[in-house]
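Residue numbers count from 1 along this sequence. Worth saying up front: this structure is predicted, and the values here are computed from it rather than measured.
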Amino acid sequence: MEQVSEIAGQAYWKRNLFVCVLGSFTTIVAMTLLLPFLPLYVAQLGVQEPAAIARWSGVAYGATFFSAALTAPLWGRLADHYGRKLMLIRASLGMAIAMSLIGMATAPWQLVALRLLAGLLGGYASGSTILVAAQTPKAQTGWALGVLSSGIMAGNVVGPLLGGLLPPLIGIRHTFWLTGAAIFLAFLATTFLLKEAPRTPGGKKAVAVTQGDASFQRGVVGMMWLSNMLLIFANMSIEPIITLYIGQFVNGDHAVTVTTGLVMAAAALGSILSAPRLGKLADRIGHWRVLTAGLLVCALLLIPQAFITAAWQLIALRFLMGMALGGLLPCITAIIRHNVPEAQVGRMLGYSTSAQYVGQVSGPLFGGFVNGAYGMRPVFLATCGVMALCALLNWRQSRRRNPDNF
């Protein structure tokens with residue numbers, strides 16, 4: 001019965017992929033939109049002291065990711081029980097409501113509470129990853145997840161850009177309402193266009209039976225969680241120092257700000273361009289090979305970043321690093337998909353999403369600590385060591401799993 005459901009789901013997997021990319025892009029834009037104007041909105045809500053504005057802004061921005069990290073495994077497990085499409089409908093409608101309400105906030109605590117609510121009710125991108133991974137033919141899983149990853153990364157780039165353009169034109173509150181309307185359109189597309197294969201009868205019973213299933217490889221899944229965390233960790237470790245580091249090579253506050261934006265955009269652009277291609281390559285030669293090679297290349301590219309002599313060199317190196325990182329998240333997802341039973345895919349990928357959020361928090365903390373103790377250049381070298389160790393661990397794990405096919 002499970003095989004019949006999988007075949008039925010694969011019949012319309014390309015349309016599902018299109019809907020998931022559109023919905024993920026829209027919701028990620030909504031989560032990152034307020035970055036450029038968040039302090040201004042906090043000030044509009046009555047906070048006057050600069051230090052207090054900074055504190056409220058930091059708490060409000062992090063609140064969504066904090067609640068999303070806590071609830072990702074829960075939503076993944078519920079998706080396994082009750083259907084992945086249902087979870088995407090819940091996430092898109094919840095985000096549409098939460099974003100509209102954020103535009104009606106009258107106090108900073110309400111902003112924080114609504115950002116927490118957005119993370120609690122959201123999870124569209126992670127839910128899309130689960131559905132695409134589960135219903136795409138295994139021979140094309142890497143490519144499909146790469147396309148989805150490109151849509152998610154594009155949302156991370158476009159969100160702050162729109163956040164800088166829209167408020168001067170239509171106002172901050174109207175920006176939130178417009179975003180809520182856009183997510184509502186994604187909700188309609190999810191409801192009426194996305195098709196999911198019929199659920200296997202048994203629900204909770206099916207999950208319980210597969211707990212001891214031989215196809216569940218705990219060591220492999222644990223390694224993928226660690227790798228997922230470290231990929232985001234490596235990308236975020238320079239966050240606390242990037243502006244100061246660029247300031248050593250560029251004069252003027254405006255020039256520093258523009259160059260910092262270019263450095264961050266370069267990494268994201270590299271990932272957008274490479275994710276589908278590396279995913280397709282992984283489908284052909286093996287996900288383990290692409291993952292291990294990408295981790296090693298990422299580690300090597302961190303070394304020259306510590307010794308640049310001009311800002312353009314950092315832009316070029318971060319672009320190349322983004323290309324190396326781009327296809328790795330799809331590879332990790334595909335490996336998890338291939339090493340857990342169908343009934344546990346959502347739950348395991350939910351934990352994988354939580355691992356990404358851990359990397360998003362621990363990366364900047366690590367970079368800030370190393371910078372405070374040893375300086376800025378050692379941040380790149382220390383991150384290089386972490387990524388090289390991760391590449392070694394993945395190589396050993398892949399050799400243990402399939403020594404003749406690496």
Trainee: Of all heavy-atom pairs between Ala52 and Val47, which one has the smallest distance, and what is that distance?
Mentor: CB-CG1, 3.6 Å
Trainee: Do any N or O atoms from the side chain of Arg84 and from the backbone of Asp80 form a donor-acceptor pair under 3.5 angstrom?
Mentor: no
Trainee: May I ask you to test the Ile89-Phe187 pair for a side-chain heavy-atom distance under 4.5 Å?
Mentor: yes
Trainee: Can you list the steps and then say if Val263 with Tyr245 is a side chain to side chain contact (heavy atoms under 4.5 Å, CB included)?
Mentor: CA-CA 11 Å; Val263 168; Tyr245 192 54; over 6 Å; no
Trainee: Taking all heavy atoms of Ala266 and all of Ile315, pick out the closest pair and write down the distance.
Mentor: CB-O, 3.6 Å
Trainee: Side chains of Ser237 and Thr383: donor-acceptor distance under 3.5 Å anywhere?
Mentor: yes
Trainee: Quick one: does Leu116's side chain get under 4.5 Å of Thr64's, heavy atoms only?
Mentor: no
Trainee: Closest approach of Leu88 and Gly127, non-hydrogen atoms and distance?
Mentor: CD2-C, 3.5 Å
Trainee: Parallel under 30°, tilted from 30 to 60°, perpendicular over 60°: which one fits the rings of Trp177 and His174?
Mentor: perpendicular
Trainee: Hey, could you give me the CG/CE distance between Asn371 and Met376, rounded to the nearest 0.5 Å?
Mentor: 6.0 Å
Trainee: From Met387 CE over to Ser227 OG, what is the distance, rounded to the nearest 0.5 angstrom?
Mentor: 8.0 Å
Trainee: Just verifying a value: how many Å separate Gln248 CD and Ile308 CD1, rounded to the nearest 0.5 Å?
Mentor: 8.0 Å
Trainee: Would you please say whether a donor-acceptor pair under 3.5 Å links the side chains of Asn228 and Ser352?
Mentor: yes
Trainee: Let me confirm one number: the OG1-CG distance from Thr26 to Leu185, rounded to the nearest 0.5 Å.
Mentor: 8.0 Å
Trainee: Which heavy atom of Arg337 sits nearest to which heavy atom of Ala133, and what is that distance?
Mentor: NE-O, 2.8 Å
Trainee: Answer yes or no: does atom CZ of Arg173 have more than 12 heavy-atom neighbours from other residues, nucleotides or ligands under 6.0 Å?
Mentor: yes
Trainee: Indicate whether the side chain of Thr141 and that of Thr136 have a donor and an acceptor atom separated by less than 3.5 Å.
Mentor: no
Trainee: Can Val221 and Ile335 be said to form a side chain to side chain contact (heavy atoms under 4.5 Å, CB included), step by step?
Mentor: CA-CA 8 Å; Val221 173; Ile335 291 172; over 6 Å; no
Trainee: Mind checking what makes side-chain contact (heavy atoms from CB on, under 4.5 Å) contact with Pro378, not counting sequence neighbours?
Mentor: Val370, Tyr374
Trainee: Kindly compute the distance separating CH2 (Trp395) from OG1 (Thr292), expressed to the nearest 0.5 Å.
Mentor: 9.5 Å
Trainee: State, with a plain yes or no, whether a side-chain heavy atom of Val147 is found less than 4.5 Å away from one of Val21.
Mentor: yes
Trainee: Does the side chain of Tyr124 pick up a donor-acceptor pair with the side chain of Thr190 at under 3.5 Å?
Mentor: yes
Trainee: Give the C-alpha distance, both sets of side-chain angles, the deciding distance and a yes or no for side chain to side chain contact (heavy atoms under 4.5 Å, CB included) between Arg377 and Leu381.
Mentor: CA-CA 7 Å; Arg377 295 187 190 274; Leu381 300 178; 5.6 Å; no
Trainee: To the nearest 0.5 Å, what is the distance between CD on Gln344 and CZ on Arg77?
Mentor: 9.0 Å
Trainee: Decide if atom CZ of Phe249 counts as having more than 12 heavy atoms of other residues, nucleotides or ligands within a radius under 6.0 Å.
Mentor: yes
Trainee: If you define the side chain from C-beta out and look only at heavy atoms, does anything of Ser126 sit under 4.5 Å from Leu349?
Mentor: no
Trainee: Mind telling me whether Tyr41 and Phe176 have parallel, tilted or perpendicular rings, with 30° and 60° as the class edges?
Mentor: tilted
Trainee: Tell me whether the centres of the aromatic rings in Phe369 and Phe366 are closer together than 6.0 Å.
Mentor: no
Trainee: List the atom of Ala255, the atom of Asn251, and the distance in Å for their closest heavy-atom pair.
Mentor: CB-O, 3.4 Å
Trainee: Is the closest side-chain heavy-atom distance between Asn16 and Lys195 below 4.5 Å?
Mentor: yes
Trainee: Between His287 and His338, does a side chain to side chain contact (heavy atoms under 4.5 Å, CB included) hold up when you go through it step by step?
Mentor: CA-CA 10 Å; His287 299 98; His338 296 161; 3.7 Å; yes
Trainee: Of the non-hydrogen atoms in Ala43 and Ile53, which two are nearest, and what is the gap between them?
Mentor: CB-CD1, 4.0 Å
Trainee: Do the numbers put Arg90 on top of the ring of Trp75, so that NZ or CZ is under 6.0 Å from the six-membered ring centre and no more than 45° off the axis?
Mentor: yes
